[in-house]
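Atoms within each ligand, like the ligands themselves, are counted from 1 in listed order. Only this structure's heavy atoms are used, side chains among them; waters, hydrogens and symmetry mates stay out. Since we're looking at a predicted model, the values are computed, not measured.
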Amino acid sequence: MRDEDDLNAAEISVSCDRRKSVRSPDPCIIVIFGASGDLTARKLIPALFELYLNVSLPDNFVIIGASRSSLDDESFKQRLRDKRPESSLEADGQWQEFLTRCFYMTLDYDEPIHYGHLRARVDILDKTYKTGGNRVFYLAIPPGIYPLVASHLGGAGLAKEGKKGQAWARIVVEKPFGRDLESALSLNKVMHKSFKEPQIFRIDHYLAKETVQNILMLRFANAMFEPLWNRNYIKYIGILASEELGVEHRAGYYEKSGVVRDMFQNHMMQLLALTAMESPSVFEADRVHDEKVKVFRSIKPFSEADPADNLILGQYGAGTIAGKKVVGYRQETDVDPGSLTPTFAMLRLYIDNWRWRGVPFYISSGKRMAQKKTKIVVQFRNVPHYMFRYLLGENIPANRLILGIYPQEEIKLTFQAKLPGAKLDMQTVNMNFQYQDFGRALDAYSRGILDCIQGEHMLFWRQDGVEQTWKYLDPILTQCRACKNKGGEPVKFYKAGSWGPDEALAWMGRILNVNV
Ligand code: NDP
């Protein structure tokens with residue numbers, strides 16, 4: 001019989017083999033719509049360059065930037081040079097090589113003939129660089145024009161695919177996927193006129209963060225957590241994504257969106273699903289999506305009749321961030337001075353199923369808060385019997401598991417230990433795993449783009465998930481809209497640099513484990 005060490009060695013070699021079996025990406029052309037914009041410069045080009053540096057892009061690849069700005073190949077490359085990614089400074093040779101594969105086309109999104117021109121350009125570059133007829137269309141444009149671009153791509157024959165194993169065409173759609181249930185359904189209908197579901201990649205870069213992917217590994221690849229992962233042992237769960245940044249230059253978008261659309265429908269709901277879902281039968285995209293959708297379906301519907309603290313909405317006022325004075329949301333450029341757009345929300349929700357009945361999930365996100373932090377806190381119940389009561393009092397802190405996503409990528413478990421010495425005394429100590437000990441992780445956008453090129457849907461949204469989350473959030477959006485008629489209620493103001501409105505502080509403190 002093999003001993004434990006042999007077994008471990010065998011398991012390690014199986015997992016290495018699996019890693020080896022990941023096939024190398026197909027050659028392709030990546031067309032980025034909105035190439036003159038913020039997302040392209042700050043995230044997409046650096047992500048593509050990281051893949052190039054890691055030798056994860058196919059040898060035969062081409063990037064075409066497309067937007068209305070009147071640029072040619074050279075001036076587009078100059079723009080990329082002006083905002084070159086930091087990683088390119090130490091890899092100038094590779095950066096110059098990378099730029100030789102970048103091209104540009106000026107295009108009016110509503111001009112069908114321009115898509116014909118795009119097709120002609122794609123065909124020429126395809127032949128020159130032998131990209132096998134494979135295409136990724138990345139929509140880094142305002143969400144309102146997704147349907148337009150998707151339809152015109154279809155109209156120009158750019159969405160057509162060959163049979164399995166032949167040339168493919170994929171479209172990457174940035175969040176937000178609609179503004180509510182109705183618009184999400186209508187966007188999906190339009191997309192499906194040109195693209196089939198397997199061709200559509202609804203990206204949520206949170207899902208591609210290593211620490212977020214690790215939630216399922218932690219829960220389902222270890223025997224010790226799952227038996228405790230339910231209402232019998234867990235008192236509450238906190239999910240927090242706070243930002244120090246304000247609305248920056250995105251006021252036009254944010255005024256219409258607010259925190260619920262910007263953060264909850266996508267990132268926060270994904271963190272909730274990964275924390276609460278059941279184990280899928282196999283680790284395959286559709287089976288994982290099935291389990292996530294079951295969570296969304298089981299969320300107890302929000303109702304105005306719920307206790308008022310089930311939903312706390314806030315908006316930042318003037319304050320201080322990192323020692324610098326900052327203006328309030330209403331004073332930001334392009335924001336309506338009487339705006340009631342929420343920049344903070346805390347939701348207390350319940351999942352009505354056998355596992356979670358009665359366990360509150362506190363989900364909170366906001367801008368201009370004291371620190372940028374993303375984490376999931378699993379607060380366990382107190383021990384049922386205080387056998388140390390007469391020596392240590394009643395208040396032995398309960399265990400807490402923290403899944404840190406930002407700034408520390410970590411897993412931390414708190415427990416009680418006896419302090420050394422003759423006196424019986426106890427202290428809370430941490431077992432701490434730092435993700436950086438594994439080495440450098442691939443950037444989330446790099447991972448998302450790579451998975452799209454490989455046709456892997458695991459880290460993207462499936463439409464039924466999008467619909468279920470809007471279904472849950474629509475009544476909350478109605479509340480936000482009704483604010484104006486209620487003299488501003490329920491939006492509460494908070495000082496920039498704080499942890500949110502006073503009404504939310506008690507729970508924020510419990511999630512952060514400090515008094516705020
Ligand atoms: P931008 O506002 O920078 O717009 C991108 C490009 O779209 C612009 O350069 C412009 O190019 C074109 N554009 C802007 N407004 C219009 C308009 N009214 N009509 C037609 N074209 C317009 O957006 P971002 O780059 O910030 O974001 C792109 C997408 O990615 C959005 O859907 C956003 O929600 C999403 N996203 C962005 C993130 C970010 O960090 N920036 C993060 C997550 C998602 P031109 O005028 O040259 O055509």
Point to revise | Polar contact flag for Asp38 and ligand 1 (N/O pairs, less than 3.5 Å) | key: yes
Point to revise | Sole residue of Tyr115, Phe137, Tyr109 in ring-ring contact (aromatic ring centres under 6.0 Å, His included) with His152 | key: Tyr115
Exercise for review: State yes or no: are the ring centers of Tyr146 and Phe177 separated by less than 6.0 Å?
Suggested key: no
**Study point:** Expected output: side-chain Arg368 to main-chain Gly328 donor-acceptor under 3.5 Å
**Key:** no
Point to revise | Option of least heavy-atom distance to atom 7 (O) of ligand 1 (set: Pro176, Pro142, Pro143, Gly37) | key: Pro142
Exercise for review: Using distance alone, determine whether Ser36 and ligand 1 share an N or O pair under 3.5 Å.
Suggested key: yes
Point to revise | Ala35 heavy atom under 4.0 Å from ligand 1 | key: no
Practice item. Could you tell me the residue and atom name of the protein heavy atom closest to atom 5 (C) of ligand 1, and the distance to it rounded to 0.1 Å? Key: Ala140 O, 3.5 Å
Practice item. Go through Arg447 and Glu50 one step at a time and tell me if the salt bridge (Lys or Arg N to Asp or Glu O under 4.0 Å) criterion holds. Key: CA-CA 10 Å; Arg447 176 65 200 266; Glu50 183 181 352; over 6 Å; no
Review point. Quick one: which of Gly65, Ser69, Ala41 has a heavy atom closest to atom 47 (O) of ligand 1?
Key: Ser69
Point to revise | Thr341 side-chain N/O to Glu255 backbone N/O, donor-acceptor pair under 3.5 Å | key: yes
**Study point:** Ionic contact status for Asp443 with Lys43, cut-off 4.0 Å
**Key:** no
Review point. Between Ile32, Asp110, Leu39, Asp108, which one has a non-hydrogen atom sitting closest to atom 24 (P) of ligand 1?
Key: Leu39
Exercise for review: Heavy-atom contacts with Arg42 under 4.0 Å: which atoms of ligand 1 show up? List them by number with element.
Suggested key: 39 (C), 40 (O), 41 (N)
Practice item. Taking only heavy atoms of Tyr445 into account, list the atoms of ligand 1 that are under 4.0 Å away from them. Key: 42 (C), 43 (C)
Check your understanding: In terms of residue, atom name and distance, what is the protein heavy atom nearest to atom 31 (C) of ligand 1?
Key -> Ile141 O, 3.3 Å
Check your understanding: Should the pair Phe433 and Tyr435 be assigned to parallel (<30°), tilted (30 to 60°) or perpendicular (>60°) ring geometry?
Key -> perpendicular
Check your understanding: Which residue owns the protein heavy atom closest to atom 6 (C) of ligand 1, what's the atom, and how far is it?
Key -> Gly34 CA, 3.8 Å
Exercise for review: Classify the angle between the aromatic ring planes of His205 and Tyr445 as parallel (below 30°), tilted (30 to 60°) or perpendicular (above 60°).
Suggested key: parallel
Check your understanding: Which option out of Arg250, Lys43, Glu174, His249 puts a heavy atom nearest to atom 33 (C) of ligand 1?
Key -> Arg250
Check your understanding: Hey, is Tyr146 touching ligand 1 through its side chain, its backbone, both or neither, going by heavy atoms under 4.0 Å?
Key -> side chain
**Study point:** Carboxylate-amine/guanidinium proximity below 4.0 Å for Glu467 and Arg297
**Key:** no
Practice item. Would you verify that at least one protein heavy atom lies under 4.0 Å from atom 19 (N) of ligand 1, or report that none does? Key: yes
Review point. Are a donor atom and an acceptor atom from the side chains of Asp82 and Gln78 found within less than 3.5 Å of each other?
Key: yes
Review point. Has Lys77 got its NZ or CZ under 6.0 Å from the middle of the six-membered ring of Phe103, at an angle within 45 degrees of the ring axis?
Key: yes
Practice item. Examine the proximity of ligand 1 to His205 and report which part, side chain or backbone, both or neither, has a heavy atom under 4.0 Å away. Key: neither
Revision key, fill the gap. The protein heavy atom nearest to atom 35 (C) of ligand 1 is Lys175 O, 3.6 Å
**Study point:** Side chain, backbone, both or neither: the part of Ile145 lying under 4.0 Å from ligand 1 by heavy atom
**Key:** side chain
Practice item. Could you find the nearest protein heavy atom to atom 12 (C) of ligand 1 and give me its residue, atom name and distance? Key: Tyr109 OH, 3.9 Å
Check your understanding: Considering only protein heavy atoms, which is closest to atom 22 (C) of ligand 1, and at what distance to one decimal place?
Key -> Arg68 NH2, 3.2 Å
Exercise for review: Would you mind telling me if ligand 1 is within reach of the side chain of Tyr138, the backbone, both or neither, using heavy atoms under 4.0 Å?
Suggested key: neither
Point to revise | Qualifying residue for side-chain hydrogen bond (donor to acceptor under 3.5 Å, both in side chains) with Glu243, from Gln371, Lys367, Lys372, Lys373 | key: Lys367
